[in-house]
Protein chains: 2
Amino acid sequence: MTEAQLIAILDDEPEIRRLLSSALEQAGFRTQCFGRATEFEAALRRMTPDACLIDLGLPDRDGLALVHRLATESGAAIIIISGRAQVQDRVTGLELGADDYIIKPFEPAEVVARIRARLRRPVQGAASRAQTLRFAGWTADFDRYLLTAPDGAETPLSHAEAEVLRMFTDNPRRLITRAQMLETLGGAAGESFDRAMDVRISRLRTKLGEDPKNPRLIKTIYGAGYIFLAEIG
Amino acid sequence: MTEAQLIAILDDEPEIRRLLSSALEQAGFRTQCFGRATEFEAALRRMTPDACLIDLGLPDRDGLALVHRLATESGAAIIIISGRAQVQDRVTGLELGADDYIIKPFEPAEVVARIRARLRRPVQGAASRAQTLRFAGWTADFDRYLLTAPDGAETPLSHAEAEVLRMFTDNPRRLITRAQMLETLGGAAGESFDRAMDVRISRLRTKLGEDPKNPRLIKTIYGAGYIFLAEIG
DNA sequence: CGGGAATCCAACAAAATGTTACAACGCTTC
DNA sequence: GAAGCGTTGTAACATTTTGTTGGATTCCCG
């Protein structure tokens, strides 16, 4: 048997830290507590927790930004604890990469159960997103905003185009809804902003040399969204 | 990991089924609804959903037992929806293998976000279903929305047509009632929406080269529904 | 065989998406 | 600061997909 799994706890109230820590240790986990985000971030360089419990109400940093960074860079399960009970808060937290969202006041037993549920399935290794990737002969360099055609021709990518392409390459061969795009690309369901989406995609298609009648890479699913058809290499 | 992910919904209230189904389809998932556990279990033999939304308040079976069986035998993410708000209920559900536990009344947006959070990491052992399947010489590619005739001719499939065809290939040689179709496909069962069904099927039949007088693949059962007659390979 | 209901289908209307031109904005350079 | 360049959103129009409608057709059953 391996050693106990490590849970990092980030909360500014000592009382809560003690409560959580005690319940988790009781349940057989190891814990490490932090009162401030900076402390926590510093500690991350020398430890890799299996799960992180994060209170969003931190004074010294934007909690959501931290959650997002953790979600993309670390392989740990991320569980938000928050006093904000609005549905929108929960949705945002989960969309940003949190694996669960627990509302205060919470019951320690439930927190334990939720952490167990999260750790039951193997946690994915920290997969940092490659900045350069290839698909169908093309090469997209998101550092330099450069798109290289199969024949070697280089085209600059605008930011808007890169955003769309990134979204596609992050979810290859999967339906991406318009709503999803709008959400990710910033524009809240703006009135006429989804028209801008079309234009962005149209421009990206042009740069990818798509045949309007028969797009091979970015396929439209009328009434549903788009699919990016390519193996990412 | 190729086509849209499939979510199974098990709830005895049609209203809730419609609500969830509609929100999830909007978000880019495919859904299949069931009103009773026995139905659901029968269907599991021929489909492998990526996630299951299960209402615990089912009349015809012990929901928790079902959850436990699913958790151990299927690779799908399991999310309980329940009216029982006690902490002990939640803990029990999670301990039995559920991945999440949502309390009624719920907000569809949050359900979507939680399912996304659950499916973000690769689902364990969930054998992704074939994205391309064959029947009676035809080939249906649901990634590319492409239908290939026995003679090799390719026809694009529209989303509406693909939805219908998928429903057929998911339940070959089995009666599909109109009500079932309306529920799985449209959701918003408008007054004259079942007329639209006819049209969808009619269009699909045309693409499949069916003889109106003597359909070989999609057979009408007068007063009952349709049957898709073909071995799926 | 006839009546009523269910289903099919062709033409139309509505909605969603693609495309192009243009104007506003920001950034650089002189 | 003005001219030049690229980027981006908006509006207008073209195109495609989908839902709707109404009548023709088919089916069931007596």
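Note on naming: letters A, B, ... go to the chains in the order of the sequence lines (proteins, then strands), and numbering restarts at 1 for each one. Hydrogens, waters and symmetry mates are skipped; everything else that's a heavy atom, side chains included, is used. Everything numeric in this text was worked out from a predicted model, so none of it was measured.
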> Which nucleotide in the set D:dG19, C:dG18, C:dC9 lies at the smallest distance from any side-chain heavy atom of B:Ala160?
Replying inline: D:dG19
> Looking at the side chain of A:Ser158, which of C:dG18, D:dG19, D:dT7 is the nearest nucleotide?
Replying inline: D:dT7
>> Please report the distance, rounded to the nearest Å, between CE in A:Met197 and C1' in C:dA16.
In response: 14 Å
> Nearest to the side chain of B:Lys213, which nucleotide is it out of D:dG19, D:dT26, D:dT15?
Replying inline: D:dT26
> What nucleotide among D:dG9, C:dT7, D:dG19 has an atom nearest to a side-chain atom of A:Arg203?
Replying inline: D:dG9
> Quick one: are A:Ser158 and A:Glu161 in side-chain contact, heavy atoms under 4.5 Å?
Replying inline: yes
> Does one side chain, of B:Thr169 or B:Arg134, offer a donor that lies under 3.5 Å from an acceptor on the other?
Replying inline: no
> A:Asp198 CG to C:dA21 P: how many Å, rounded?
Replying inline: 17 Å
> Of A:Val199, A:Leu165, A:Leu217, which meets side chain to side chain contact (heavy atoms under 4.5 Å, CB included) against A:Leu204?
Replying inline: A:Leu165
> Within less than 4.0 Å of OP1 or OP2 of C:dG18, is there a side-chain N or O belonging to A:Ser202?
Replying inline: no
>> Using a 4.0 Å heavy-atom cut-off, does A:Pro212 contact any base of the nucleic acid, only the sugar-phosphate backbone, or nothing at all?
In response: sugar-phosphate
> Taking atom P of D:dT17 as reference, at what distance in whole Å does atom CD1 of A:Ile221 sit?
Replying inline: 11 Å
> Whole-Å distance between C:dT7 P and B:Glu210 CD?
Replying inline: 17 Å
>> Could you tell me how far apart A:Met181 (CE) and C:dT17 (C1') are, to the nearest whole angstrom?
In response: 13 Å
>> In terms of relative ring orientation, are A:Phe168 and A:Phe228 parallel, tilted or perpendicular, with 30° and 60° separating the classes?
In response: parallel
> What's the closest nucleotide to the A:Tyr226 side chain, out of D:dT18, C:dT17, D:dT20?
Replying inline: C:dT17
>> Rounded to whole Å, how long is the line connecting atom CG of A:Asp194 with atom C1' of D:dA11?
In response: 14 Å
>> Any heavy-atom pair between the side chains of A:Leu208 and A:Ile218 that's under 4.5 Å?
In response: yes
>> Please report the distance, rounded to the nearest Å, between CG in B:Leu204 and P in C:dC9.
In response: 12 Å
> So, is B:Thr220 near the phosphate of C:dC8, with a side-chain N or O under 4.0 Å from OP1 or OP2?
Replying inline: yes
> Which whole-number value in Å describes the distance from A:Tyr145 OH to D:dT8 P?
Replying inline: 9 Å
> Can you find a side chain N or O atom of B:Arg205 that sits less than 4.0 Å from OP1 or OP2 on C:dC8?
Replying inline: yes
>> Whether the side chain of A:Arg195 and the base of C:dG18 hold a donor-acceptor pair under 3.5 Å is what I'd like checked.
In response: yes
> Which of these nucleotides, D:dC27, D:dG9, D:dT18, is closest to any side-chain atom of B:Tyr222?
Replying inline: D:dC27
